[in-house]
J.: 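Have a look at the structure that comes next, please.
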Amino acid sequence: MFDTGLVAAFSHKETPFYYYDLALLQRTLDQAKQAATAHGFHVHYALKANFNDRVLDLIRDAGFGADCVSGNEVKKAIETGFSPDAIVFAGVGKSDKEIQYALDHDIFAFNVESVQELKVIDGLAAVRGKKANVALRINPNVDAQTHHYITTGLNENKFGISHWELGDAIDTLRACQHIELIGIHFHIGSQITDLNVFKSLCVKVNELNSWFDERGFRLRVLNVGGGLGVDYHDPDANSIPDFRSYFQVFADFIERKPGQEVHFELGRALVSQCGSLISRVLYVKHGIKKNFLILDAGMTELMRPALYQAYHKIERLGAPSASEAELVHYDVVGPICESSDCFGKEVLLPPSARGDLIAIRTAGAYGEVMASRYNLRDEIRYVYGERH
Ligand SMILES: Cc1ncc(COP(=O)(O)O)c(C=O)c1O
Ligand SMILES: N[C@@H](CCCC[NH3+])C(=O)O
């Protein structure tokens, strides 16, 4: 990914910064779009993964809709030029102000996460003389087999409506004049790498689709959320996820009734591999039985390792190729006053020195968007590799 020209260009830049390879992003979007369109599927991009302006411009131009989790994300999607009728709004705690904003801009649908929220949307729509489209986010109790913190579809999770509340939900839907049920929505977790998990989800979707049908609700939309994982260990070999196999699972296992649409909300799979965090070695420290590479980037720029003990591949850029015997183990850490500010322990790298450039790969999703100013850090910068 980083040819010598690019590394030479980086060497003049102030670090740390996010580097986005827009050509790779474009190829990823093209493949995803093609694979989804082959089955007539609709994809809403989950803005929470990355709402960098240039990234969003490409995603909008590629014809994706937007999946938002806050009023500000809805606003960002609208300001970026996503069509309101391709914007969905999920979130377990939507405030009245956020709902009002979305109603005023006639978004496609609210993915509603509780019976109480249905009533609030109905009331706010009534004041405006509008009818809001809603999809019920249902917690299907399917184990995503991913990190505990990014599992969202188990009974113990706060997300969605549980099956024992569905009777109450349909009574509420029947009583409310200003909401219209258009579909059901699911999102069971993120960084899912075993496609069998999605087969289990399809079984639940089919059961619930029939359940609603039997009660006189003909659903237009089956929204299965996002969650497709990426390869953090080998980002060059697998720079584009296998979208064809992913969508094929849903094509094979979802039992669509006539006229029904299948919607997706991909985030990570679309933007992870195009982004890297580029940093410099500030200091090399030799501790007891340990070497530390202290970088000028930390958990404030990329929080995933500190938060989830997530693995990200770490590379030294521009290093002459070293034999295995020459490689050195380093704990690669940041400058923040937290011991969890560590990008990787015992990472094997060529011998490194102050000023060397380090790339932390697969950082395009949930990287820049989760950056913080803790320790009053500078705002994060970025550099774009242009489309070819
Ligand atoms: C409701 C919803 N949809 C979509 C996504 C995007 O997930 P991912 O980035 O794993 O595709 C998320 C985040 O996990 C989410 O909460
Ligand atoms: N922020 C998480 C994903 C959360 C997805 C949002 N529901 C990550 O970095 O993996």
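Heavy-atom basis, side chains included; hydrogens, waters and symmetry copies ignored. Atoms within each ligand, like the ligands themselves, are counted from 1 in listed order.
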J.: Heavy-atom contacts under 4.0 Å between Tyr366 and ligand 1: side chain, backbone, both, or neither?
T.: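 The answer is the side chain.
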
J.: Hydrophobic clustering (ILVMFWY, side-chain heavy atoms < 4.5 Å, transitive) - are Val69 and Phe64 grouped together?
T.: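 Phe64 does not cluster with Val69.
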
J.: Run the ring-ring contact (aromatic ring centres under 6.0 Å, His included) check on His312 and Phe343 step by step: do they pass?
T.: CA-CA 7 Å; His312 284 258; Phe343 290 118; 8.2 Å; no

J.: Can you find a side-chain donor-acceptor pair between Asn50 and Asn52 that sits under 3.5 Å?
T.: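 Judged by distance alone, the side chains do not pair up.
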
J.: Ignoring angles and geometry beyond distance, decide whether Arg137 reaches within less than 3.5 Å of ligand 1 through its nitrogen or oxygen atoms.
T.: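 It does not: no N or O of Arg137 is found under 3.5 Å from an N or O of ligand 1.
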
J.: Can you tell me which portion of Asn111 lies within the under-4.0 Å heavy-atom range of ligand 1? Options are side chain, backbone, both, or neither.
T.: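 For Asn111, there is no contact with ligand 1 at all, from either part.
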
J.: Below 4.0 angstrom from a heavy atom of Asp67, which ligand 1 atoms are there? Numbered from 1 as shown, please.
T.: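 That gives atoms 2 (C), 3 (N), 4 (C) of ligand 1.
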
J.: Before signing off on this row, confirm whether His187 and ligand 2 have an N or O atom pair separated by under 3.5 Å.
T.: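 No: no nitrogen or oxygen of His187 is under 3.5 Å from one in ligand 2.
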
J.: Knowing that exactly one of Tyr246, Phe253, Phe186 qualifies, which makes a ring pair (Phe, Tyr, Trp, His ring centres under 6.0 Å) with Phe198?
T.: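 Going through the options one by one, the only one that passes is Tyr246.
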
J.: Give the single entry among Arg268, Gln191, Lys48 that approaches atom 10 (O) of ligand 2 most closely by any heavy atom.
T.: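 The residue whose heavy atom sits nearest atom 10 (O) of ligand 2 is Arg268.
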
J.: Against ligand 1, does Gly225 come closer than 4.0 Å with any heavy atom?
T.: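 Distance cut 4.0 Å: Gly225 fails for ligand 1.
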
J.: If we only count N/O pairs under 3.5 Å, is Gly227 in contact with ligand 1?
T.: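 Right, the criterion is met.
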
J.: Show which atoms of ligand 1 fall inside a sub-4.0 Å distance from at least one heavy-atom site of Gly267.
T.: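 That gives atoms 8 (P), 9 (O), 11 (O) of ligand 1.
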
J.: Do you know which of Glu265, Glu117, Glu113 makes salt bridge (Lys or Arg N to Asp or Glu O under 4.0 Å) with Arg137?
T.: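 Filter result, single survivor: Glu113.
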
J.: Testing the basics here: between Glu301 and Ala371, what is the closest heavy-atom pair and its distance to 0.1 Å?
T.: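 Scanning both residues completely, I find the closest heavy atoms to be O-CB, 4.1 Å.
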
J.: Could you tell me if Lys94 sits above the aromatic ring of Phe110, with its cationic atom closer than 6.0 Å to the ring centre and no more than 45 degrees from the axis?
T.: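 Verdict for Phe110: no cation-pi partner in Lys94.
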
J.: Any idea which atoms of ligand 1 are less than 4.0 Å away from a heavy-atom of Arg268?
T.: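 Listed by number with element, the hits are 8 (P), 9 (O), 11 (O).
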
J.: If you compare all heavy atoms of Ile121 against all heavy atoms of Leu103, which two are closest, and at what distance to 0.1 Å?
T.: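 It is O-CD1, 4.5 Å.
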
J.: Are Arg354 and Tyr283 in a cation-pi setup, meaning NZ or CZ lies under 6.0 angstrom from the ring centre and within 45 degrees of the ring axis?
T.: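 Positive - Arg354 is close enough to the ring of Tyr283 and near enough to its axis.
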
J.: Identify, by atom number and element, the atoms of ligand 2 in contact range of Met370, meaning under 4.0 Å from any of its heavy atoms.
T.: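 Those atoms are 1 (N).
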
J.: Using a 4.0 Å heavy-atom cut-off, say whether Glu265 meets ligand 1 through its side chain, its backbone, both or neither.
T.: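 For Glu265, the contact with ligand 1 is made by both the backbone and the side chain.
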
J.: Applying a 4.0 Å heavy-atom criterion (strictly less than), which segment of Ala49 is in contact with ligand 1: side chain, backbone, both, or neither?
T.: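 Contact part for Ala49 vs ligand 1: neither.
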
